[in-house]
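Structure first, then comments.
Because the structure is a prediction, the values reported are computed rather than measured. Whatever order the structure lists ligands and atoms in, that order sets their numbers, starting from 1.
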Amino acid sequence: MGEESKWREYWREHDVYRFDPHDKSRRTFSIDTPPPYPSGDFHVGNALNWCYIDFVARYKRMKGFNVHFPQGWDCHGLPTEVRVEQTFKIRKNDLPPDQFVEMCRKLTAEYITKMKQSMNLLGISSDWALEYKTMDPSYYKLTQLSFLELLKSGHLYRGEHPVNWCPRDETAIAEAEVVYQERKGTLHYIRFGAANEGIEIASTRPELLAACAGIAVHPKDEKYKAIVEKTITVPIFGQQARVISDDEVDPHYGTGAVMICTFGDKTDVRWQKKYHLPIIKALTENGRLSVDDPRFRGLKAEEARKKIVAELQAKGLLNKTEPITQNIGTCWRCQTPVEIIARPQWFMKTRDMTQKVVEWAGKLSWIPHFSKQRLVDWAESLDWDWVISRQRIFATPIPVWYCTKCESTIIPDEKSLPVDPRKDKPPEEKCPKCGNRELRGETDVLDTWMDSSITAAVHAGWPNKSELFNQLFPADLQPNGLDIVRTWDYYLLVRSLALFGIAPYKTLLINGMVKGTDGRMMHKSYGNYVVADEAILKVGADAFRQWAAAGGSTGYDIPFRWNELEHGKKFLTKLWNVARFVLTNATDPLPPKKPSNLSLIDSWLLASLQKLTQEVSEAFEAFQFNTALEAIRNFTWHALADDYLEAVKHRLQPGREQSDLKATQYCLREALMTVCKLLAPICPHISEAVYHQFPSGATKSVHLENWPEHEKALDDTSIRNGKLLLDLIAHARREKSSKGLSLGEKVKRIVVSTEAEHLHLLKENEETILRTLKADTLDLERLPSNSSPGREPSAEFKVEIVA
Ligand SMILES: [Zn+2]
Ligand SMILES: [Zn+2]
C-alpha cells in the first residue's frame with residue numbers, strides 16, 4: 001500500500017507545509033495550536049485533538065489558503081518539575097535553582113523529541129519552521145513583556161489574599177487547577193466552651209481548631225439565639241471565637257453551628273472578610289501545623305488530626321463521630337487535598353472582566369455550540385481573581401524587584417528583557433521613591449498559563465504589529481479539548497482582551513475526550529490507556545486517522561475501538577485495489593474534456609461524484625469530519641466499486657468500441673482522482689500514494705492540489721435514473737444467484753416486468769443490462785403503474801432468468 005513513512009519523507013523533502021509570509025496572492029488561515037506539556041506521552045486523546053487540527057489544515061491548504069500551522073511546547077511549570085523530582089528522586093530545594101532548571105530543560109528536550117516523533121508518525125502537517133518552546137529566552141521574554149504591559153495598564157496587582165495552595169508542591173494554584181474528588185471522612189462532634197454555656201460543633205477537620213477564628217450559626221436557629229455575638233473558648237488551643245449569625249449556614253448540617261477557620265474553605269474566606277475576624281495562620285506552606293503548642297507543632301495535617309482527636313477524647317470533649325462522604329478540592333497534578341493559604345501573591349483582575357468575557361464568548365463561533373456554555377459558566381462561577389504567581393522554580397521569572405524598606409515595585413526597561421530577578425542585578429541602584437539602596441529580586445515565578453495564553457499573538461509576530469500580524473491575529477482557529485475550555489480558552493480570552501481589546505480567536509474547534517475499550521474515560525490508572533504510537537504502528541496512521549474522523553460528532557466523547565481501526569485499514573485495502581484496477585485499465589491518453597457520448601451509468605457516476613463533492617465540502621466547512629469520511633467511504637465502496645465497476649467491466653474488454661472505452665476510462669479516472677483529493681485531509685498517505693500512480697505523472701503533492709469543485713446544480717435526473725438501472729441489475733443478480741448460477745455464467749434470457757414509465761429507460765440501456773448480466777436477450781413487460789403524484793419514482797421489478 002506504499003509505506004506511509006516514504007510519503008512523510010517526501011513531504012519533508014519538498015517542504016509541502018511551509019507557510020509563506022511573503023505570499024500576497026493567497027489568504028492566510030492561522031491556527032493557534034495548543035502547545036502540549038512535553039510529558040513524553042502522546043496518548044490517543046492528544047492524537048484525536050491533533051487529527052482534527054490536521055484535517056482542517058490540510059483542507060484549508062487545498063482550498064487555496066496560506067495555512068499558518070505552528071507547533072509549540074508549553075514547557076514550564078509544575079508537571080515538569082514534578083517529573084524531574086520523581087525521575088531523579090529529589091525535591092526542588094535539594095539543589096541550587098540553576099541546576100534544577102537545567103535538569104528540567106534537559107528532560108523537557110527529551111520529551112519534546114519523543115512527542116514530535118509521535119506527531120510526525122501520525123502525519124500531522126505542522127510547519128516545523130514555526131516551532132517554539134515557552135522555556136526559550138526568546139519566548140519567555142514576551143511573557144515578561146506581556147506582564148509589564150498588563151501591570152502598566154492596571155490589570156495586575158500584588159496583594160495578600162487567600163488562594164488555593166498545594167502543600168505537596170508548595171505553591172499557589174489557580175481555581176482551574178483544583179479538581180474535586182469524593183473522599184470518605186469523619187465528622188467529629190466537639191464540645192466548645194464551658195460545660196454550662198458551651199456548644200457542640202461538628203467538624204471534619206479538628207486539626208484546624210488551632211485556626212478557628214469564629215463560629216457561625218443560622219439567624220433563625222432558636223437554639224443558638226442567645227449566644228450570637230458572644231465569644232466561646234476553643235478547646236485545646238484556648239483562643240476566643242466570636243459567634244456570628246449568617247444565612248449561609250446550613251442549620252441541618254452537624255449541630256447547625258460551624259467553625260470558621262482561616263482558612264478551611266471559600267466560605268471561611270468570605271466570612272472572615274465580612275465579619276472582620278482575625279486571621280490565624282495555623283498551617284505552614286508545606287502543610288504542617290504552626291502552633292505554639294509543642295505537642296502539635298510541625299505535624300502534618302493528617303497526623304495532627306489524629307493527635308488532636310485523641311486529646312479531645314482524653315478530655316471528654318469528643319461527643320461522637322460519624323462517617324461522611326466529602327467533595328474535597330485536590331491538586332490537579334498530585335491529588336493532594338488543597339489548603340487555602342494567604343501570602344503575598346500577584347493577581348490579574350479577572351473578576352472585573354466577567355461581563356466582557358461573556359459578551360465576547362457570544363460573538364465567537366463555537367464547534368460544537370454547547371461548548372460555549374462551558375466557558376460562560378466557568379467565567380461566571382469565579383469569585384477570586386486569577387493568581388498568576390507560583391512558588392516554583394522552572395518557570396518564567398516575574399520581572400520585578402522590591403524596595404526592602406518601602407516595598408515599592410521596581411520594573412526593568414522592556415529592552416532589557418528577559419530578566420531573572422532571582423540572580424540579575426536590579427535595574428536601579430536605589431529605590432526611586434525612598435532612596436533605599438537595598439533592593440530585592442522577586443523569587444516567585446509566573447503561572448505557566450501566563451506563558452501559553454499569548455501564543456496566538458506571539459505566532460502573529462507580536463510585539464511587532466506588522467501587516468502580517470493583522471492577517472494572523474486573531475487566529476482563525478482555536479482547536480482544543482473540552483477539558484481545557486475553562487483553562488486555556490478562558491485564559492487566552494482574558495489575556496487578549498486585556499492586552500489587545502479583542503478575542504485572540506474567531507472559531508473554537510472543541511474535541512471530546514476518548515473513552516477506553518471498557519467504556520470509561522481513558523486514564524493511566526484504569527489500565528485502559530493506549531499510547532497513540534502503539535495503535536499507529538499496528539494499523540497505520542491513515543487507519544488511525546479514520547477512527548478519529550469517524551468516531552463521533554465533533555465535540556462529543558468518542559470510544560477507542562480496535563475493530564474501528566481495523567475497519568479503517570480494510571477500507572484502505574479496498575481503495576488500493578480499486579485504484580489498481582482503475583489505473584491498469586485506464587492507461588490510455590484521455591480526452592481533456594468530458595466525452596459527449598456518456599451512457600446513463602457514466603452520467604450517474606459523474607453526477608454522484610458531484611453530489612459527493614458537495615457533501616464532503618459542506619461537511620469540512622462545518623467541521624463534521626465523520627460525515628465527510630462516511631460519504632467518501634460509502635461512495636468508494638458502494639457506488640464506485642460495487643455498482644459502477646461491475647456494470648462497466650465489459651466495456652473495458654478488448655475489442656470494445658473505442659468511444660465507450662474512452663468514456664469509461666474517463667469516468668473511472670475522474671472518480672478516483674476526486675476521491676483521492678477529497679480523502680487527502682483525512683488519509684494523507686494513501687491519497688498521496690494513489691495520486692502518484694496516475695499515468696499523467698504527479699509533479700507535486702496531492703496536498704498542494706486544488707480542492708475539487710462541484711457544479712451548483714446537481715444532475716438529479718442522472719442520479720435518479722442511474723439508481724433505477726442499478727437497482728434492476730442488483731435485483732437480477734440476486735435472482736441469478738438464487739437459481740444457483742454464478743454471476744459470470746451466461747444466460748439466455750432475462751424477462752423484466754416493471755411499470756410502463758420505466759420501460760423506455762431500460763430499453764435504452766439494454767446493452768449495459770445484457771452485458772453486465774451476461775444475457776443474450778432482454779424482454780421487457782409492463783406492470784400496472786403504481787406511481788402517484790409526489791411519490792419518489794422507485795421502480796418495482798419482477799425478474800425472471802431463463803438459463
Ligand atoms: Zn500538588
Ligand atoms: Zn523604597
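Restricting D169 to its N/O/S atoms, the shortest distance to the Zn ion (ligand 1) is reached by OD2.
Rounded to the nearest 10 degrees, the angle SG (C406) to the Zn ion (ligand 2) to SG (C403) equals 110°. Between the SG atom of C334 and the SG atom of C331, the angle centred on the Zn ion (ligand 1) amounts to 110° when rounded to 10°.
Cation-pi geometry between K116 and W73 is not met: the NZ or CZ atom fails to fall both under 6.0 Å from the ring centre and inside 45° of the normal.
With no hydrogens or angles considered, no side-chain donor-acceptor pair links D136 and S138 at under 3.5 Å. With no hydrogens or angles considered, a side-chain donor-acceptor pair links S146 and R495 at under 3.5 Å. No hydrogens or angles considered: nothing links the side chains of W384 and N164 as a donor-acceptor pair under 3.5 Å.
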